[in-house]
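Accompanying notes for the structure given below.
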Number of protein chains: 2
Amino acid sequence: MIREQLTLPAPEALAAFLNRHTRTRDCLVQVAGLAEVTYRGRAASTADVGTYLVLVKQDGSLQIHHPTGIKPMNWQPKTDELLARVDEDVCMLLASRRSPLELVQVVFLLPQVALALELQEAGAFVLSGSEAQMQETLARTPELIEPGLRVLDRELLVESGGIDLYAQDGQGRFVVVELKRARATQHAVSQLGRYVRSVQGTLPVGAVVRGILAAPSITGPARVELERRGLEFREISAIPTLATHREGTQPSLFD
Amino acid sequence: MIREQLTLPAPEALAAFLNRHTRTRDCLVQVAGLAEVTYRGRAASTADVGTYLVLVKQDGSLQIHHPTGIKPMNWQPKTDELLARVDEDVCMLLASRRSPLELVQVVFLLPQVALALELQEAGAFVLSGSEAQMQETLARTPELIEPGLRVLDRELLVESGGIDLYAQDGQGRFVVVELKRARATQHAVSQLGRYVRSVQGTLPVGAVVRGILAAPSITGPARVELERRGLEFREISAIPTLATHREGTQPSLFD
DNA sequence: TGTTAAATTTCGGGA
DNA sequence: TCCCGAAGTTTAACA
């Protein structure tokens with residue numbers, strides 16, 4: 001599982017180690033120790049000397065972690081070129097990509113540990129509770145939104161984006177449904193308003209188009225904005241929360 | 001730097017290791033090997049048996065990485081309780097938090113390596129090219145947006161939402177400026193429209209309020225929506241790109 | 001490639 | 001705590 005481990009490697013040894021493993025791309029490589037990091041691209045950043053953990057995955061993605069926080073201090077999601085070299089007696093790692101043009105440079109001042117790990121078999125991963133799943137469920141059983149509702153389309157593309165559910169109500173009026181897996185904000189109201197307007201543009205003047213925001217809850221300001229625009233809210237408790245699972249009382253849409 | 005390292009630890013040894021180091025919170029702890037991961041909270045997920053890398057930072061944040069990709073497969077940004085225990089002869093790690101109520105469970109089926117790293121001194125980190133910085137620059141020199149513009153306020157709070165720059169033009173008309181550090185989308189146009197409407201609501205009926213979207217570029221659909229609403233676009237090349245730095249020709253706002 | 005929107009988004013700021 | 005908005009957001013889907 002540990003393919004190779006170096007302790008307090010010399011600059012040349014570290015550079016050789018990094019180039020060897022990033023070239024074969026069959027290991028997750030990490031280096032921990034004193035380093036400096038600079039980034040230039042969509043923005044620019046510098047991290048002064050500190051102890052960081054550098055991870056290079058098999059796909060060439062790079063992340064540099066500081067002691068706290070879930071997010072890396074610096075990163076490169078995809079790398080076109082990954083190169084380690086020795087310059088002025090220190091090992092440095094350069095990770096660059098085009099589109100967008102960006103460069104992350106790590107200067108290893110005092111590398112303490114370098115580790116190459118075989119991390120090959122990823123198991124199947126299943127996520128439940130996404131908006132996509134909510135959409136599937138509601139497309140199958142639109143009466144959860146409103147009795148008599150018939151779904152005409154999903155992800156219907158209009159000029160301003162994609163309508164989650166496009167439907168017709170019991171009275172034959174067209175209905176635009178915007179789904180949110182979590183509490184709906186003013187942003188969601190803006191989206192819904194935009195879609196309703198787009199649909200109205202395709203229909204004869206005066207045709208009624210309803211807009212429904214379906215979510216487990218809505219913020220106060222969002223509800224005000226919603227009502228100002230003549231749109232509607234439907235509470236859809238969608239997500240299988242830890243609480244409901246524990247108590248085992250509330251059957252959810254996604255069990 | 002390496003505080004402790006275990007190879008192929010027994011379940012009890014691994015549990016003791018994890019509890020010891022997560023309790024003292026002075027090390028970044030990692031375990032690599034065969035594991036299963038389940039998550040329940042805002043959503044739910046399961047990852048079948050595979051080789052993963054588990055990181056626990058000093059602040060109790062947890063991330064579980066699979067072989068590729070910049071993002072962790074599972075994570076917990078903050079942990080209220082972090083506990084390792086042995087159950088049915090395997091070591092499992094439980095990371096939970098309240099608000100939102102979430103639980104990540106890692107079952108270590110075959111831990112290969114466990115490592116406790118001292119990762120203490122983080123150096124100063126400076127980022128340039130943020131929208132906040134763009135706002136500061138334009139507040140000082142609003143003529144970059146338009147000659148004669150006077151800035152009245154920054155981050156002016158209107159009914160839910162902050163106006164980046166609130167200003168008055170040469171003719172005394174009020175101006176709402178929305179900034180984007182990157183290409184502006186329909187979302188930005190929605191924001192600007194919302195703020196302009198809010199400001200109009202506080203002024204006598206008929207008062208003119210201009211809305212300006214200031215960004216390095218704008219998407220096609222966003223420009224259409226912008227013009228439909230009678231709003232304006234100003235190109236502000238704000239970000240110090242790698243290209244401009246390399247060629248050294250284009251002086252940017254943020255040098 | 002361009003555009004849009006979701007995300008277990010995370011993170012920070014203000015009321 | 002709620003709410004909003006930025007982010008080097010990342011990622012996926014679709015024209």
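All chains are named by letter (A, B, ...) in the order of the sequence lines, taking the proteins before the strands, and each is independently numbered beginning at 1.
Side-chain proximity of B:Lys71 to D:dC4, D:dG8, D:dT11: nearest is D:dT11. Nearest to the side-chain atoms of A:Gln186 among the listed nucleotides C:dT4, D:dG8, D:dC4 stands D:dC4. Distances were taken from every side-chain heavy atom of B:Ser130 (C-beta onward) to each of D:dC4, D:dA7, C:dC11; the shortest belongs to D:dA7. Distance from the side chain of A:Thr219 is smallest to D:dC3 among C:dC11, C:dA6, D:dC3. Side-chain atoms of A:Arg97 lie closest to D:dG8 of the nucleotides C:dC11, C:dT3, D:dG8. Checking D:dC4, C:dT9, D:dG8 against every side-chain atom of A:Arg181, the shortest atom distance belongs to C:dT9. The side chain of A:Ile70 sits closest to C:dC11 out of C:dC11, C:dT8, D:dG8. Here the nucleotide nearest the side chain of A:Tyr195, chosen from C:dT8, C:dT4, D:dG5, is C:dT4. The side chain of B:Arg194 approaches D:dG5 more closely than any other nucleotide in the set C:dT4, D:dG8, D:dG5. Comparing atom distances between the A:Arg183 side chain and each of C:dT10, D:dC2, D:dT10 picks out D:dC2 as nearest.
Using a 4.0 Å heavy-atom cutoff across all strands shown, A:Gln76 reaches at least one base atom of the nucleic acid. Using a 4.0 Å heavy-atom criterion, one finds that B:Ser99 contacts the sugar-phosphate atoms exclusively. Residue contacts for A:Glu178: at a heavy-atom cut-off of 4.0 Å it reaches the sugar-phosphate backbone alone, with no base atom in range. A:Pro100 comes within contact range of no nucleotide atom at all, as no heavy-atom separation falls under 4.0 Å.
Between D:dT11 and D:dA7, the distance separating the two C1' atoms is 14 Å to the nearest Å. Separating the C1' atom of C:dA6 from that of C:dT10 is a span of 14 Å, rounded to the nearest Å. Separation of the C1' atoms belonging to D:dG5 and D:dT9 is 13 Å when rounded to the nearest angstrom.
Nearest heavy atoms, B:Ser128 versus B:Gln133: CA-OE1, 3.2 Å.
Phosphate proximity of C:dT10 to B:Trp75: present, with a side-chain N or O under 4.0 Å from OP1 or OP2. At D:dG8, none of the side-chain N or O atoms of A:Arg40 fall inside 4.0 Å of OP1 or OP2 (strictly under the cut-off). B:Arg223 has no side-chain polar atom (N or O) that falls below the 4.0 Å cut-off from OP1 or OP2 of C:dG2.
Rounding to whole angstrom units, CD of residue A:Glu131 and C1' of C:dT8 are separated by 14 Å. The separation between B:Asp59 atom CG and C:dT10 atom P is 13 Å, rounded to whole Å. As a whole-Å value, the separation of A:Met134 CE from C:dA6 P is 11 Å. When the P atom of C:dA6 is taken as reference, atom CG of A:Leu192 falls 12 Å away, rounded to whole Å. Between A:Lys78 atom NZ and D:dT11 atom P the separation is 7 Å, expressed in whole Å. Atom-to-atom, CG of A:Asn74 to P of D:dG8 comes out at 10 Å; the value is rounded to the nearest Å. Rounded to an integer number of Å, the gap from B:Gln135 CD to C:dG13 C1' is 12 Å. In this structure, the CG atom of A:Leu157 is 19 Å from the P atom of D:dA12, given to the nearest Å.
The local environment of CZ in B:Arg197 is sparse, with at most 12 non-hydrogen atoms from other residues, nucleotides or ligands closer than 6.0 Å.
Across the interface with DNA chain D, nearest-nucleotide mapping of A:His187 and B:Gly69 shows A:His187 to be the residue nearer the 5′ end. Summary of the strand contacts: B:Phe125 and A:Thr185 both lie near DNA chain D, and taking for each the nucleotide with the nearest heavy atom, the more 5' one is attributed to A:Thr185. Toward the 5′ end of DNA chain C lies the nearest nucleotide of B:Gly220, the other residue of the pair A:Ala132 and B:Gly220 mapping further downstream.
The aromatic rings of B:His65 and A:His65 stand perpendicular to each other, their planes meeting at an angle above 60°, with 30° marking the opposite boundary.
Atom CG of B:Leu119 sits about 4.5 Å away from atom OG1 of A:Thr51, to the nearest 0.5 Å. Summarising the geometry, atom OG1 belonging to B:Thr185 is positioned 11.0 Å from atom CD belonging to B:Glu225; distances are rounded to the nearest 0.5 Å. We find the CD1-CG distance between A:Ile236 and A:Leu144 to be 6.0 Å, quoted to the nearest 0.5 Å.
A salt bridge links A:Arg210 with A:Glu232: at least one charged nitrogen is closer than 4.0 Å to a carboxylate oxygen.
For B:Glu155 against C:dG14, a side-chain-to-base donor-acceptor contact under 3.5 Å is absent.
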